[in-house]
Student: 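Here it is, the structure, as structure tokens.
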Amino acid sequence: MIEAKLDIVENQNKKPKPEGDDLPFGQVFTDHMFTMEYTREKGWFQPQIVPYEPITLDPAAMIFHYGQSVFEGLKAYLNSEGDIQLFRPEENLKRMNRSNGRMSIPPISEELVINYLKQLLLLEKEWIPNEEGRSLYIRPFVIATEANLAVAPSQSYKFMIILSPVGSYYPEGIHPVSIQVEEHFTRAVRGGTGTAKTGGNYCGGYKAQEKAADRGHAQVMWLDGVHKKYIEEVGSMNVFFKINGQIITPELNDSILEGVTRKSIIELLKHWNIDVIERKISMEELLQAYEDGQLEEAFGAGTAAVVSPIGELSWQDETMIINGRQTGDLTKFLYNTITGIQTGKLPDTFNWTETVKEL
Ligand code: COI
């Protein structure tokens, strides 16, 4: 059973807030963090907000050895009234529990976590940037803490939420990037952990990312692990193509992450009566569309970058230049609409945002 009473220990030694134009993604953290423990006997207990500081773990803690962990990523914004806004937080917490289920981690009450998160945000409100393109990135995560080298689910866990004021995910902001299609390494396969937001899915991609960077590309595009034929994701994002007026995104197939931005884009396109379809799409089909002059736009979609246009795509010996390496109109419109709703500049007709006021 979760103990609902939240202890708050205020930080007496507050840090200066970041100043100036340079705010690299995920390198500055706020003054407080949320922590909660789990044991088999007690369930989730001891929810607390404490000063942000390093944590101590036994060197045999299972997270260090077999990587049993889950994380999430969402953002908080300040609207024009100066209130805190969250974007579809329940979607992230539902996904966190789906990831927990896949990684044999006990579920956490979504309702309680939203409540604790709101209290943390109210305490850290001054850290939420209100400059264009900036937000407060929220990173909830769970790690296995039992000191035991057995290859089995941990009997104890720690759940934490840390906060980081961020600018654009890519230092250049919304700007078309060059992508290399990865032919050797695989991000995920059906039945694996690709649909869970777990660390191994990300570090398993570093090798391909390094290879792409050596060839001057910003990111990789992932193909399915069995046939190396169908497109799955781009970097750590879902991917969309505009081909002859129709928007295509790979269908969820038990190896693709179910992105909240992906879901929101599909819902927006349907609402605008724009033809959008979730289906398998192969590299051959994409190249054919390009050669026929029908590949109009391509972009990645995720919480961190929101929407990230693809300007150039290299596959085998082919290089496709998409929309003259310019951000496409639909890509720009989606970016402006989603960030507009997130920051309260545009009306939230879908009821996606949640305003956080005093509890
Ligand atoms: C996202 O944009 O949704 C991500 O997961 C990126 C994050 C791993 C930094």
Side-chain angles (χ1 to χ4, degrees), residues 23 25-26 30 34 71-98 108-140 161-169 173-174 197 237-238 240 257-274 276 299-308 330-359:
L23 188 55
F25 181 85
T30 68
F34 173 82
F71 73 92
E72 265 304 325
L74 61 161
K75 286 174 172 174
Y77 311 82
L78 281 186
N79 65 22
S80 55
E81 270 95 63
D83 290 324
I84 305 168
Q85 274 198 190
L86 289 169
F87 183 73
R88 313 188 84 175
E90 67 293 340
E91 292 290 337
N92 290 88
L93 295 179
K94 275 194 266 173
R95 184 174 64 188
M96 182 173 77
N97 273 330
R98 289 198 298 276
I108 311 178
S109 158
E110 291 149 28
E111 204 184 319
L112 279 177
V113 171
I114 291 204
N115 194 283
Y116 297 143
L117 170 62
K118 287 180 178 172
Q119 299 199 48
L120 180 63
L121 289 171
L122 286 166
L123 189 65
E124 300 292 60
K125 190 170 172 185
E126 286 176 13
W127 281 91
I128 308 178
N130 59 4
E131 297 91 346
E132 181 82 32
R134 291 191 173 186
S135 57
L136 188 70
Y137 186 76
I138 302 165
R139 170 55 61 89
I161 307 175
I162 55 173
L163 306 173
S164 173
V166 295
S168 287
Y169 184 64
I174 176 164
K197 224 161 162 65
M237 287 177 276
N238 296 115
F240 287 78
L257 188 89
E258 204 175 336
V260 179
T261 311
R262 175 188 185 277
K263 180 175 178 162
S264 306
I265 287 174
I266 294 171
E267 288 172 27
L268 278 170
L269 293 171
K270 286 189 175 159
H271 176 74
W272 294 330
N273 286 322
I274 293 178
V276 54
F299 57 91
T303 299
V306 188
V307 164
S308 175
L330 181 73
T331 310
K332 217 177 296 167
F333 192 61
L334 281 165
Y335 178 85
N336 289 340
T337 305
I338 293 174
T339 54
I341 295 172
Q342 287 170 333
T343 53
K345 291 194 182 85
L346 290 179
D348 176 17
T349 43
F350 299 89
N351 246 331
W352 281 342
T353 58
E354 200 171 323
T355 306
V356 183
K357 297 200 179 174
E358 297 308 321
L359 291 171

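Everything quoted here is computed from the prediction, not taken from an experiment.
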Student: Quick one: does V356's side chain get under 4.5 Å of L117's, heavy atoms only?
Tutor: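 Heavy-atom side-chain distance check fails, nothing below 4.5 Å.
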
Student: Please test K357 against E81 for side chain to side chain contact (heavy atoms under 4.5 Å, CB included), starting from the C-alpha separation and ending with a verdict.
Tutor: CA-CA 11 Å; K357 297 200 179 174; E81 270 95 63; over 6 Å; no

Student: Taking the six-membered ring for Trp, are F240 and F299 parallel (under 30°), tilted (30 to 60°) or perpendicular (over 60°)?
Tutor: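 Parallel: the ring planes of F240 and F299 meet at under 30°.
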
Student: Answer with yes or no whether the side chains of Q119 and N115 bring together a donor and an acceptor at under 3.5 Å.
Tutor: yes

Student: I'd like to know whether N79 forms a side chain to side chain contact (heavy atoms under 4.5 Å, CB included) with N130, so could you lay out the CA-CA distance, the side-chain angles of the two residues, the decisive distance to 0.1 Å, and finally the verdict.
Tutor: CA-CA 8 Å; N79 65 22; N130 59 4; over 6 Å; no

Student: Taking the side chain as every heavy atom from C-beta outward, state whether L74 and P140 have any pair of such atoms under 4.5 Å apart.
Tutor: yes

Student: Can you tell me how far the CG atom of L269 sits from the CG atom of L330, to the nearest 0.5 Å?
Tutor: 6.0 Å

Student: Between R88 and E90, is there a side-chain heavy-atom distance shorter than 4.5 Å?
Tutor: yes

Student: Any ion pair linking K263 and E258 (charged N to carboxylate O, less than 4.0 Å)?
Tutor: no

Student: Are the side chains of L346 and N336 in touch, meaning some heavy atoms are under 4.5 Å apart?
Tutor: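 When only atoms from C-beta onward are counted, N336 and L346 do not touch, as no gap falls below 4.5 Å.
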
Student: Is it true that K270 and E267 have a side-chain N and a carboxylate O under 4.0 angstrom from each other?
Tutor: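 Judged by the 4.0 Å cut-off on N to carboxylate O distance, K270 and E267 do not form a salt bridge.
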
Student: Where do V166 and S135 land on the side chain to side chain contact (heavy atoms under 4.5 Å, CB included) test, with the steps shown first?
Tutor: CA-CA 6 Å; V166 295; S135 57; 3.6 Å; yes

Student: When rounded to the nearest 0.5 angstrom, what is the spacing between CZ in R98 and CZ in R95?
Tutor: 7.5 Å

Student: The test is side chain to side chain contact (heavy atoms under 4.5 Å, CB included); show your working for I128 and I84 and say whether it passes.
Tutor: CA-CA 8 Å; I128 308 178; I84 305 168; 3.7 Å; yes

Student: For T303, does its backbone N or O pair with a side-chain atom of K75 as donor and acceptor, under 3.5 Å?
Tutor: yes

Student: L136 and W127: which non-hydrogen atoms are nearest, and at how many Å?
Tutor: CD1-O, 3.7 Å

Student: Applying side-chain hydrogen bond (donor to acceptor under 3.5 Å, both in side chains), can you list everything that pairs with E354, at least two apart in sequence or on another chain?
Tutor: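 In terms of side-chain hydrogen bond (donor to acceptor under 3.5 Å, both in side chains), with neighbours along the sequence ignored, E354 is linked to K118.
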
Student: Would you call the rings of H271 and F350 parallel, tilted or perpendicular, taking 30° and 60° as the class edges?
Tutor: perpendicular

Student: Roughly how far, to the nearest 0.5 Å, is CG of L268 from CD1 of I341?
Tutor: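 So the gap between those two atoms works out to 5.5 Å.
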
Student: Report yes or no: do R139 and S164 form a side-chain donor-acceptor pair below 3.5 Å?
Tutor: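 Distance-only check fails for R139 and S164.
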
Student: Find the distance between CG (L23) and CZ (F25) and round it off to the nearest 0.5 Å.
Tutor: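 It is 10.5 Å, given to the nearest 0.5 Å.
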
Student: Cut-off 3.5 Å, side chains only: do Q85 and Y77 have a donor facing an acceptor?
Tutor: no

Student: Could you check whether any side-chain heavy atom of V307 comes within less than 4.5 Å of a side-chain heavy atom of I265, counting everything from C-beta outward?
Tutor: yes

Student: Measuring from Q342:CD to T337:OG1, what's the distance to the nearest 0.5 Å?
Tutor: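 It comes to 10.5 Å.
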
Student: Supply the atom-to-atom distance F87 CZ to T339 OG1, rounded to the nearest 0.5 angstrom.
Tutor: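 Taking CZ in F87 and OG1 in T339, the distance rounds to 10.0 Å.
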
Student: Do I161 and L163 touch side chain to side chain, with heavy atoms closer than 4.5 Å?
Tutor: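 Of all side-chain heavy-atom pairs linking L163 with I161, at least one is under 4.5 Å.
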
Student: Determine whether T261 and N238 make a side-chain contact, defined as any pair of heavy atoms from C-beta on separated by less than 4.5 Å.
Tutor: no

Student: Minimum heavy-atom separation for M237 to A305, with atom names?
Tutor: SD-CB, 4.0 Å

Student: Give a yes or no on whether the backbone of I108 and the side-chain of N97 come within a donor-acceptor separation of less than 3.5 Å.
Tutor: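 Yes, the answer is positive, given that a donor and an acceptor are paired below the 3.5 Å cut-off.
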
Student: Any side-chain donor-acceptor pair under 3.5 Å between D348 and T353?
Tutor: yes

Student: Examine distances only and state if a side-chain atom of K125 and a backbone atom of G82 form a donor-acceptor pair shorter than 3.5 Å.
Tutor: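 Looks like yes, one N/O pair under 3.5 Å.
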
Student: Is E72 salt-bridged to K197, cutoff N-O under 4.0 Å?
Tutor: no

Student: Counting C-beta onward and ignoring hydrogens, is there a side-chain heavy-atom pair between P165 and Y137 closer than 4.5 Å?
Tutor: no

